[in-house]
Novice: 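Pasting a structure below so you can have a look.
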Amino acid sequence: ARTPAPRCCAAPRYEAAAQRNIEEQASWLSYALMWYANPVLRLGASRRLEERDRVALAAVDDPARVRAAFEAHWRRLGASASLRTTLWAQFRRRLIAGFAGSIFFVLLTIAAPLTIRALVAHVARGRAATSRRAYVGRGLGLVAALTAIQLVDAVVRAHPMYHVKRVGIAWQSAMMGSIFRRCLALRGGAATGRLVALASTDSSRWPDSMPALLNAVLLPFWLVFILCTVAVWVGVAEALAGVVAAC
């Protein structure tokens, strides 16, 4: 008879359903807080991960599906097809969602100091308050708003970067699959070697470049929001002077 594994080494619950991705099974709250990754993290903290601990990929991350979708978009675009247009046609919804989440994160970042300023001004006006009950209620409301902003900021901060990094990995997977597929149809070591270099070296830069691309897109929004905030607080001339001095 087969001896059961010790309790300390027992497989986590997600191993029994290796054909399904743990993220796709997660509830909305678990997805928002990324709790679904806790079993994998706990297992990795207790021992070295092995092949049997592998988590199934989500459907949108499956390499075969990603490559097939990439080639389908390439054929559909026809003469206007390029790497940039094809990747945008394939992943534009996920990229737009990631950028929208990042803009929301920028708004939350600006909202926190504005709430703190309102709270400080409210405390400074405490002695002049006509109604003690209204004064305390407004103060508690500002504190609750600041707490909610920080909590939502902590949740929103991670998701855009996670999704654009995931899109970068999907881009790499699509290009590597398509390049290696063409390598099998070529004759000639030089051309094949060049394609292998493209697949192994050049395509591997996409996952690392996606966060930088996201920050580059967000930079104008940061500048506009910060400039407007400083202009409201200290004045337009002072804000422009600060920008000129920083440049």
Novice: Taking all heavy atoms of A112 and all of Q150, pick out the closest pair and write down the distance.
Specialist: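 That closest heavy-atom pairing would be CB-NE2, 3.5 Å.
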Novice: Tell me whether S46 contacts the main-chain N or O of L43 through its side chain, where contact means a donor paired with an acceptor under 3.5 Å.
Specialist: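 Yes, the answer is positive, given that a donor and an acceptor are paired below the 3.5 Å cut-off.
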Novice: Measure across L119 and G139 and return the closest heavy-atom pair with its distance rounded to 0.1 Å.
Specialist: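 Nearest heavy atoms, L119 then G139: CD1-O, 4.1 Å.
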Novice: What pairs meet the side chain to side chain donor-acceptor pair (under 3.5 Å) rule with one or both residues in residues 86-110, with sequence neighbours excluded?
Specialist: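 Qualifying pairs, neighbours excluded: none.
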Novice: Can you get from V143 to L151 by hopping between Ile, Leu, Val, Met, Phe, Trp and Tyr side chains that sit under 4.5 Å apart?
Specialist: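 No; L151 is not reachable from V143 via cluster members.
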Novice: Run through the side-chain heavy atoms of Ile, Leu, Val, Met, Phe, Trp and Tyr, join any pair under 4.5 Å, and report what else lands in V60's cluster.
Specialist: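 Its cluster mates, by chain and number: none.
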Novice: Got a sec, which residues hit side chain to side chain contact (heavy atoms under 4.5 Å, CB included) with L33, two or more places apart in sequence or on another chain?
Specialist: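 Once residues adjacent in sequence are excluded, the partners of L33 under the side chain to side chain contact (heavy atoms under 4.5 Å, CB included) criterion are L29, W35, V155.
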Novice: Enumerate the residue pairs fulfilling salt bridge (Lys or Arg N to Asp or Glu O under 4.0 Å) with a member in residues 148-164, sequence neighbours excluded, ordered by first and then second residue.
Specialist: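 Qualifying pairs: D153-R157.
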Novice: Considering residues at least two apart in sequence or located in another chain, which fulfil the ring pair (Phe, Tyr, Trp, His ring centres under 6.0 Å) criterion with Y31?
Specialist: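 Residues passing ring pair (Phe, Tyr, Trp, His ring centres under 6.0 Å) with Y31: H159.
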Novice: Rounded to the nearest 0.5 Å, how far does CD1 of I96 lie from CZ of F91?
Specialist: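 With rounding to 0.5 Å, CZ (F91) is 13.5 Å from CD1 (I96).
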Novice: Using links of under 4.5 Å between side-chain heavy atoms of ILVMFWY residues, direct or through other members, which residues join L223 in one cluster?
Specialist: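 L219, all in the cluster of L223.
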Novice: Quick one: side chain to side chain contact (heavy atoms under 4.5 Å, CB included) partners of I169, sequence neighbours excluded?
Specialist: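 I169 satisfies side chain to side chain contact (heavy atoms under 4.5 Å, CB included) with P207 once adjacent residues are dropped.
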Novice: Is a side-chain N or O of T85 found less than 3.5 angstrom from the main chain of S82, in a donor-acceptor match?
Specialist: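 Yes; at least one donor-acceptor contact below 3.5 Å.
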Novice: How is the hydrophobic cluster of L146 composed, in terms of its other members, when Ile, Leu, Val, Met, Phe, Trp and Tyr link through side-chain heavy atoms under 4.5 Å apart, directly or indirectly?
Specialist: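 Members other than L146 - counting any ILVMFWY side chain reachable under 4.5 Å - are I116, V120.
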Novice: Any side-chain heavy atom of P160 sitting closer than 4.5 Å to one from H163?
Specialist: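 Contact flag for P160/H163 side chains = no.
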Novice: Are side-chain heavy atoms of P63 and L57 found at a separation under 4.5 Å?
Specialist: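 Yes - at least one pair of side-chain heavy atoms lies under 4.5 Å apart.
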Novice: If we only count heavy atoms from C-beta on, is the W171 to V66 side-chain gap below 4.5 Å?
Specialist: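 No. Closest side-chain heavy atoms not under 4.5 Å.
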Novice: My understanding is that only residues two or more places apart in sequence, or in another chain, count here; which of them pass salt bridge (Lys or Arg N to Asp or Glu O under 4.0 Å) with R76?
Specialist: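 Here no residue qualifies.
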Novice: Looking at residues at least two apart in the chain, or sitting in another chain, which of them share a side chain to side chain contact (heavy atoms under 4.5 Å, CB included) with F221?
Specialist: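 Testing F221 for side chain to side chain contact (heavy atoms under 4.5 Å, CB included), a comparison that skips the adjacent residues, returns I103, F225.
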Novice: Does any part of the side chain of L213, heavy atoms only, come nearer than 4.5 Å to the side chain of V164, both counted from C-beta?
Specialist: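 Counting from C-beta outward, V164 and L213 never come under 4.5 Å.
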Novice: Restricting to non-hydrogen atoms, name the atom on A26 and the atom on Y36 that form the minimum distance, rounded to 0.1 Å.
Specialist: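 Looking at all heavy atoms of both residues, the closest pair is CB-CB, 3.8 Å.
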Novice: Between A174 and F70, what is the shortest heavy-atom contact and its length?
Specialist: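 Shortest heavy-atom contact: CB-CB, 3.8 Å.
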Novice: Any side chain to side chain donor-acceptor pair (under 3.5 Å) involving residues 58-68? Give me the pairs, sequence neighbours left out, ordered by first then second residue.
Specialist: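 Residue pairs with at least one partner in residues 58-68: D61-R166, R67-E71.
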Novice: Quick check for you: to the nearest 0.5 Å, what is the distance between I149 atom CD1 and L107 atom CG?
Specialist: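 Taking CD1 in I149 and CG in L107, the distance rounds to 10.5 Å.
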Novice: Which residues pass the side chain to side chain contact (heavy atoms under 4.5 Å, CB included) test with P211, sequence neighbours left out?
Specialist: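 Only M161, K165 meet the side chain to side chain contact (heavy atoms under 4.5 Å, CB included) criterion with P211.
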